[in-house]
J.: 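Would you mind keeping the following structure in view while I ask a few things?
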Number of protein chains: 2
Amino acid sequence: MRVITVSLASPVPIHDQLVAELRRLIASGGLRIGHELPPVRQLANDLGINLNTVARAYRELTDAGLLASARGRGTVVIATVERPRGRPAEERRRIESTLAAALSDAKIAGLDLDETRTLIDRQLARIWAGDRPHRQPDATA
Amino acid sequence: MRVITVSLASPVPIHDQLVAELRRLIASGGLRIGHELPPVRQLANDLGINLNTVARAYRELTDAGLLASARGRGTVVIATVERPRGRPAEERRRIESTLAAALSDAKIAGLDLDETRTLIDRQLARIWAGDRPHRQPDATA
DNA sequence: CACATAGTATCACACAATGATACAAATGTC
DNA sequence: GACATTTGTATCATTGTGTGATACTATGTG
């Protein structure tokens, strides 16, 4: 299973999806400082999208201070955390709201409370365990 | 606080947000069978968006079998569950993935495991408690 | 019947995402 | 050191889609 996936059907722009995925990989330790990302052409090819779209995602993360890109050399992770952008209270509301949406989705799909809790526990373990990953995956596409 | 909110800044189209919100309200019992939704013009006005956008959301939910609309009469809830659209396994993957995204977001924002658990518990209680709501809210905007 | 209310249809506009293509900088190779 | 290769960057066009303004139609009400 490729680590990075995008959905062409989603209303969310592909480059936004990519940015989110990479942020998650970096935050979870799947991508560490010094890690090289695949060239824009390669990743674009793997995902079946245009190289501009990948380039845009890389650039946004570069602007955010997480990546560093240079012609001929490639793109590499230079930080694992970024300075928060919004006010904490707003940030918290936003998070709570996406979380609520995800949980509601589960209920809409017919999951009961226990099933949902099981899913949550699994994901919590995976995400917070990522701080000290057991295996060092290729971590890209 | 209005029950229905949309974010004009979000990359997700407004009508998609509306559909999701209404689905959640219906699934959580905030909107029951027979409940009338506000007229498209009113809701559009309350939210500061165009009436077409609201109409589109209503129509999508009508097509999904959750609402019934008629000129002059308004729009009412006619069902609280819709038939699942995809195969269960795919559906589950999708849910797990949005959930993972939401949780990763929390981590990226700097929340620790305990804080995240607190947020989750609160939302779980809210959403699943909705089956038997204490107060019968206006439930719209 | 007249008027208000509510959903529906049509049309236009603007923006943004994506893609094709060309350019520029760094690196490696002989 | 010249040249090809690799990699990111810039430019431009296209197209889809979301949103909005406006007009139309059906239902309810007095």
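Since the model is a prediction, treat every value here as computed from it, not as a measurement. Naming: A, B, ... by sequence-line order, numbering from 1 per chain.
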J.: In whole angstroms, how far is the P atom of C:dT18 from the CG atom of A:Asn45?
T.: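 Interatomic distance, CG of A:Asn45 to P of C:dT18: 17 Å.
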J.: Nearest whole Å is fine: how far is D:dT19 C1' from B:Leu43 CG?
T.: 15 Å
J.: Provide the closest heavy-atom pair for B:Thr53 versus B:Leu18 in the form atom of the first, atom of the second, distance.
T.: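 Nearest pair, atom of B:Thr53 first, then B:Leu18: O-CD1, 4.4 Å.
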J.: How many whole angstroms separate atom CD of A:Gln17 from atom C1' of C:dA16?
T.: 15 Å
J.: Report the nucleotide, chosen from D:dT22, C:dG19, D:dT7, that has the shortest atom-to-atom distance to any side-chain atom of A:Ile49.
T.: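 For A:Ile49, the side-chain atoms sit closest to C:dG19.
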J.: Just to be sure I understand the rule, does B:Ile14 reach a base, reach only the sugar-phosphate, or reach nothing, if contact means heavy atoms closer than 4.0 Å?
T.: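 If one applies the 4.0 Å heavy-atom cut-off, B:Ile14 turns out to touch the sugar-phosphate alone, with no base involved.
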J.: Nearest whole angstrom, please: distance from the P of D:dT17 to the CG of A:Leu8.
T.: 13 Å
J.: Among the nucleotides C:dG19, D:dG8, C:dT8, which one has an atom lying closest to any side-chain atom of B:Arg41?
T.: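 Comparing C:dG19, D:dG8, C:dT8 against the side chain of B:Arg41, the answer is C:dT8.
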J.: Provide, to the nearest angstrom, the distance between the CD atom belonging to A:Glu36 and the P atom belonging to C:dT27.
T.: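 About 12 Å, once rounded to whole Å.
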J.: Locate the shortest heavy-atom distance separating B:Val76 from B:Gly34; write the atom from each residue and the value.
T.: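 Where B:Val76 meets B:Gly34 most closely, the heavy atoms are CB-O, 4.3 Å.
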J.: I'd like to check A:Lys107 versus A:Ser104 (side-chain heavy atoms, cut-off strictly below 4.5 Å). Are they in contact?
T.: no
J.: Do A:Leu8 and A:Leu47 share a hydrophobic cluster (ILVMFWY, side-chain heavy atoms under 4.5 Å, transitive)?
T.: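 Yes, because A:Leu8 and A:Leu47 connect within a single hydrophobic cluster, where side-chain heavy atoms sit under 4.5 Å apart.
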J.: Run the salt bridge (charged side-chain N to carboxylate O under 4.0 Å, His left out) test against A:Arg59 and tell me which residues pass, sequence neighbours left out.
T.: none
J.: Counting only heavy atoms and a strict 4.0 angstrom limit, can you tell me which residues of residues 69-76 of chain A come near DNA chain D?
T.: A:Ser69, A:Ala70, A:Arg71, A:Gly72, A:Gly74, A:Thr75
J.: Would you please name every residue forming a salt bridge (charged side-chain N to carboxylate O under 4.0 Å, His left out) with B:Arg122, sequence neighbours left out?
T.: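 Scan of B:Arg122 (salt bridge (charged side-chain N to carboxylate O under 4.0 Å, His left out), adjacent residues dropped) gives A:Glu96.
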J.: Over all heavy atoms of both residues, which pair between A:Ala100 and B:Arg126 is shortest? Give the atoms and the distance, please.
T.: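 That would be CB-NH2, 3.6 Å.
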J.: Between the base of C:dA17 and the side chain of A:Asn52, is one N or O donor paired with an acceptor at under 3.5 angstrom?
T.: no
J.: Considering only D:dA21, C:dG19, D:dA23, which nucleotide approaches the side chain of B:Asn50 most closely?
T.: D:dA21
J.: Among C:dT18, C:dT10, C:dG7, find the nucleotide with the atom closest to the side chain of B:Tyr58.
T.: C:dG7
J.: Rounding to an integer number of Å, can you tell me how far A:Arg59 CZ sits from D:dT7 C1'?
T.: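 Checked: the CZ to C1' distance equals 16 Å.
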J.: Taking for each residue the nucleotide of DNA chain D with the nearest heavy atom, is it A:Val40 or B:Leu51 whose nucleotide lies nearer the 5' end?
T.: A:Val40
J.: Could you say whether B:Pro39 or A:Pro13 is positioned toward the 5' end of DNA chain C, judged by the nucleotide with the nearest heavy atom to each?
T.: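 On the 5' side of the pair lies B:Pro39.
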J.: Take atom CG of A:Leu67 and atom P of D:dT9, then tell me their distance rounded to the nearest Å.
T.: 11 Å
J.: Using whole Å, report how far CZ of B:Arg56 lies from P of D:dA21.
T.: 17 Å
